[in-house]
Student: 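I have a structure here, written as structure tokens, and I will follow up with some questions on it.
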Amino acid sequence: MLCAPPFQKADRNIMSSVVFLPGIKENAGIFNHTQGWGVIAETMAANGDRAYEYCKASIPAAYNDKAEIRQSEPYVVGQTTYSNYSKRPGNTRVSWLSGAGTWSYYAITQYMLGIRPQYDGLLIDPCIKHDWDGFTVERRWRNKNLYIEVKNPQHICKGIEYIEVDGKRIDSAVIPEKILKDGSRITAVLGKNALSVPVTRV
């Protein structure tokens, strides 16, 4: 919650009125941007199982059985949720116009699935649930359609052991742009003998 407990009234020398009722937005409401940040933080700490649990708990579909409380589309991330200070706790607001949706998408695609653009190439550095066998992604990047398959034979959360681009092995987690072409097929294999990954800032 932001600025909890909420303002009930304010000195007129500071502001003439409290803009939001208690428990709403900046007046002790819950902003949902931090849910994506939590997922990113867990992937950076190599906690794929926990990142998945955070993600699963925060996506709109997790609240389908509370639609009458949420009062929001079940497929859209809302910016803010009313807290227990509100008379309507659990209501979610500002859908379709929210950085929370962007952070959720960014956390899932660039940190859980780990397909992250770099200046000189494309980094493949997923952090997933250990029991996932892998996943496939079609990604358009710099005017190229790329087909990416991530395999997880050792059932670990994080660590790329090697990558193949169009059947040729490279010993780097960052695929140089110059070797990628439209239609390239990329296979990335997770393993305990992981390649080093450049540190990137969120």
Side-chain angles (χ1 to χ4, degrees), residues 31-56 58-60 76-79 94 96-130 132-202:
F31 266 65
N32 298 329
H33 297 58
T34 55
Q35 295 167 351
W37 301 344
V39 172
I40 292 170
E42 292 301 335
T43 65
M44 293 177 83
N47 297 327
D49 293 328
R50 186 174 293 165
Y52 176 79
E53 290 305 316
Y54 285 1
C55 179
K56 187 177 175 184
S58 66
I59 59 176
V76 182
V77 175
Q79 176 199 61
V94 195
W96 297 106
L97 184 65
S98 172
T102 305
W103 279 112
S104 177
Y105 175 81
Y106 187 76
I108 293 167
T109 58
Q110 295 202 23
Y111 284 85
M112 286 182 66
L113 300 183
I115 302 167
R116 200 153 62 247
Q118 307 289 290
Y119 178 76
D120 56 351
L122 189 65
L123 172 64
I124 310 291
D125 183 32
C127 185
I128 58 177
K129 279 191 74 184
H130 78 279
W132 283 13
D133 293 326
F135 59 89
T136 59
V137 171
E138 292 182 24
R139 173 75 154 90
R140 185 158 177 80
W141 181 66
R142 296 183 185 172
N143 297 317
K144 300 177 180 78
N145 293 310
L146 306 174
Y147 301 91
I148 303 166
E149 181 178 13
V150 173
K151 297 180 179 181
N152 190 17
Q154 298 178 35
H155 289 103
I156 61 175
C157 290
K158 188 176 177 77
I160 289 293
E161 192 162 297
Y162 67 90
I163 292 175
E164 291 180 354
V165 178
D166 297 321
K168 295 180 180 177
R169 183 165 170 163
I170 64 167
D171 293 317
S172 171
V174 178
I175 305 168
E177 181 182 10
K178 64 185 179 183
I179 71 169
L180 291 170
K181 61 182 184 295
D182 187 39
S184 280
R185 297 197 170 270
I186 300 162
T187 302
V189 179
L190 278 78
K192 293 179 180 173
N193 297 318
L195 299 167
S196 63
V197 173
V199 175
T200 56
R201 294 186 176 133
V202 179

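Keep in mind that the numbers below use all heavy atoms, side chains included, and drop hydrogens, waters and symmetry copies. Computed from a prediction, not measured in an experiment: that's the story for all the values here.
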Student: Which residues pass the side-chain hydrogen bond (donor to acceptor under 3.5 Å, both in side chains) test with W96, not counting sequence neighbours?
Tutor: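 If we apply the side-chain hydrogen bond (donor to acceptor under 3.5 Å, both in side chains) test to W96, skipping adjacent residues, the hits are E73.
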Student: With heavy-atom distances below 4.5 Å as the criterion, would you say the side chains of D120 and P176 are in contact?
Tutor: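 No, every pair of side-chain atoms sits at 4.5 Å or beyond.
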Student: Within the supplied structure, the quantity of interest is the number of heavy atoms (other residues, nucleotides, ligands) at a distance under 6.0 Å from Y147 OH; does it exceed 12?
Tutor: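 Yes, the 6.0 Å shell around OH holds more than 12 heavy atoms from other groups.
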Student: What distance do N152 atom CG and K129 atom NZ have between them, rounded to the nearest 0.5 Å?
Tutor: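 The CG atom of N152 sits 12.0 Å away from the NZ atom of K129.
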Student: I'd like to check the side chain to side chain contact (heavy atoms under 4.5 Å, CB included) partners of N47; sequence neighbours left out, ordered by chain and number.
Tutor: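 For N47, the residues satisfying side chain to side chain contact (heavy atoms under 4.5 Å, CB included) (neighbours in sequence not counted) are E42, A45, R50.
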Student: For atom NZ of K144, decide whether the heavy atoms of other residues, nucleotides or ligands shown that lie under 6.0 angstrom number more than 12.
Tutor: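 Counting other residues, nucleotides and ligands, NZ of K144 exceeds 12 neighbours.
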Student: Nearest 0.5 angstrom please: L122 CG to I186 CD1, how far?
Tutor: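 Between L122 CG and I186 CD1, I get 6.0 Å after rounding to 0.5 Å.
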Student: Please list, chain by chain and in numerical order, all residues satisfying ring pair (Phe, Tyr, Trp, His ring centres under 6.0 Å) with Y54, sequence neighbours excluded.
Tutor: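 For Y54, no residue satisfies ring pair (Phe, Tyr, Trp, His ring centres under 6.0 Å) once neighbours in sequence are set aside.
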Student: Under the salt bridge (charged side-chain N to carboxylate O under 4.0 Å, His left out) rule, collect the residues that match up with R142, sequence neighbours excluded.
Tutor: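 Applying salt bridge (charged side-chain N to carboxylate O under 4.0 Å, His left out) to R142 gives E177.
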Student: To the nearest 0.5 Å, tell me how far L190 CG sits from W132 CH2.
Tutor: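 Result: 11.5 Å between the selected atoms.
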Student: Quick one: side-chain hydrogen bond (donor to acceptor under 3.5 Å, both in side chains) partners of E53, sequence neighbours excluded?
Tutor: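 side-chain hydrogen bond (donor to acceptor under 3.5 Å, both in side chains) list for E53, sorted by chain: empty.
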Student: Using the side chain to side chain contact (heavy atoms under 4.5 Å, CB included) criterion, which residues pair with A188? Sequence neighbours excluded.
Tutor: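 Applying side chain to side chain contact (heavy atoms under 4.5 Å, CB included) to A188 gives I124, V150, I160, I163.
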Student: Any pair with a residue in residues 179-194 that passes salt bridge (charged side-chain N to carboxylate O under 4.0 Å, His left out), sequence neighbours left out, goes on the list, sorted by first then second residue, please.
Tutor: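 Non-adjacent pairs meeting salt bridge (charged side-chain N to carboxylate O under 4.0 Å, His left out): D166-K181.
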Student: Could you give me the CA-CA distance, side-chain angles and deciding distance for W141 and I115, then say whether side-chain contact (heavy atoms from CB on, under 4.5 Å) is met?
Tutor: CA-CA 10 Å; W141 181 66; I115 302 167; over 6 Å; no
Student: For A194 versus G159, what's the shortest heavy-atom pair and its separation?
Tutor: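 Closest approach of A194 to G159: CB-CA, 3.6 Å.
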Student: Residues two or more places apart in sequence or in another chain: which of them pass side chain to side chain contact (heavy atoms under 4.5 Å, CB included) with H130?
Tutor: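 H130 satisfies side chain to side chain contact (heavy atoms under 4.5 Å, CB included) with D49, C157 only.
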Student: Measure the NZ-OG distance between K168 and S184 for me, rounded to the nearest 0.5 Å.
Tutor: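 It is 10.5 Å, given to the nearest 0.5 Å.
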Student: Report the C-alpha separation of C55 and I108 in whole Å, then their side-chain angles, then the decisive distance to 0.1 Å, and conclude whether the side-chain contact (heavy atoms from CB on, under 4.5 Å) test is met.
Tutor: CA-CA 8 Å; C55 179; I108 293 167; 3.6 Å; yes
Student: What residues, two or more places apart in sequence or in another chain, satisfy ring pair (Phe, Tyr, Trp, His ring centres under 6.0 Å) together with Y162?
Tutor: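 Y162 satisfies ring pair (Phe, Tyr, Trp, His ring centres under 6.0 Å) with no other residue.
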Student: Evaluate the criterion side-chain contact (heavy atoms from CB on, under 4.5 Å) for residue pair D133 and H155; output intermediate values, then yes/no.
Tutor: CA-CA 7 Å; D133 293 326; H155 289 103; 2.7 Å; yes
Student: Mark yes or no for whether R116, through its side chain, and L123, through its backbone, hold a donor-acceptor pair below 3.5 Å.
Tutor: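 No, the answer is negative, given that no donor and acceptor are paired below the 3.5 Å cut-off.
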Student: Output, in order, the C-alpha distance, side-chain angles, deciding distance and verdict of side-chain contact (heavy atoms from CB on, under 4.5 Å) for Q35 and W103.
Tutor: CA-CA 8 Å; Q35 295 167 351; W103 279 112; over 6 Å; no
Student: I need the T34 OG1 to I40 CD1 distance, nearest 0.5 Å.
Tutor: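 T34 atom OG1 to I40 atom CD1 measures 11.0 Å (nearest 0.5 Å).
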Student: For Q79, enumerate each residue passing the side chain to side chain contact (heavy atoms under 4.5 Å, CB included) test, keeping only those at least two apart in sequence or located in another chain.
Tutor: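 For Q79 the side chain to side chain contact (heavy atoms under 4.5 Å, CB included) partners, ignoring immediate neighbours, are K25, F31, H33, V94, S98.
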Student: Who passes salt bridge (charged side-chain N to carboxylate O under 4.0 Å, His left out) against R169, sequence neighbours left out?
Tutor: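 With sequence neighbours excluded, R169 shows a salt bridge (charged side-chain N to carboxylate O under 4.0 Å, His left out) to D171, given in chain and number order.
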Student: Atom CD1 in I59, atom OG in S104: separation rounded to 0.5 Å?
Tutor: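 Here the interatomic distance stands at 7.5 Å.
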Student: Which residue pairs satisfy the salt bridge (charged side-chain N to carboxylate O under 4.0 Å, His left out) criterion with at least one member in residues 150-164, sequence neighbours excluded?
Tutor: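 Found D125-K158.
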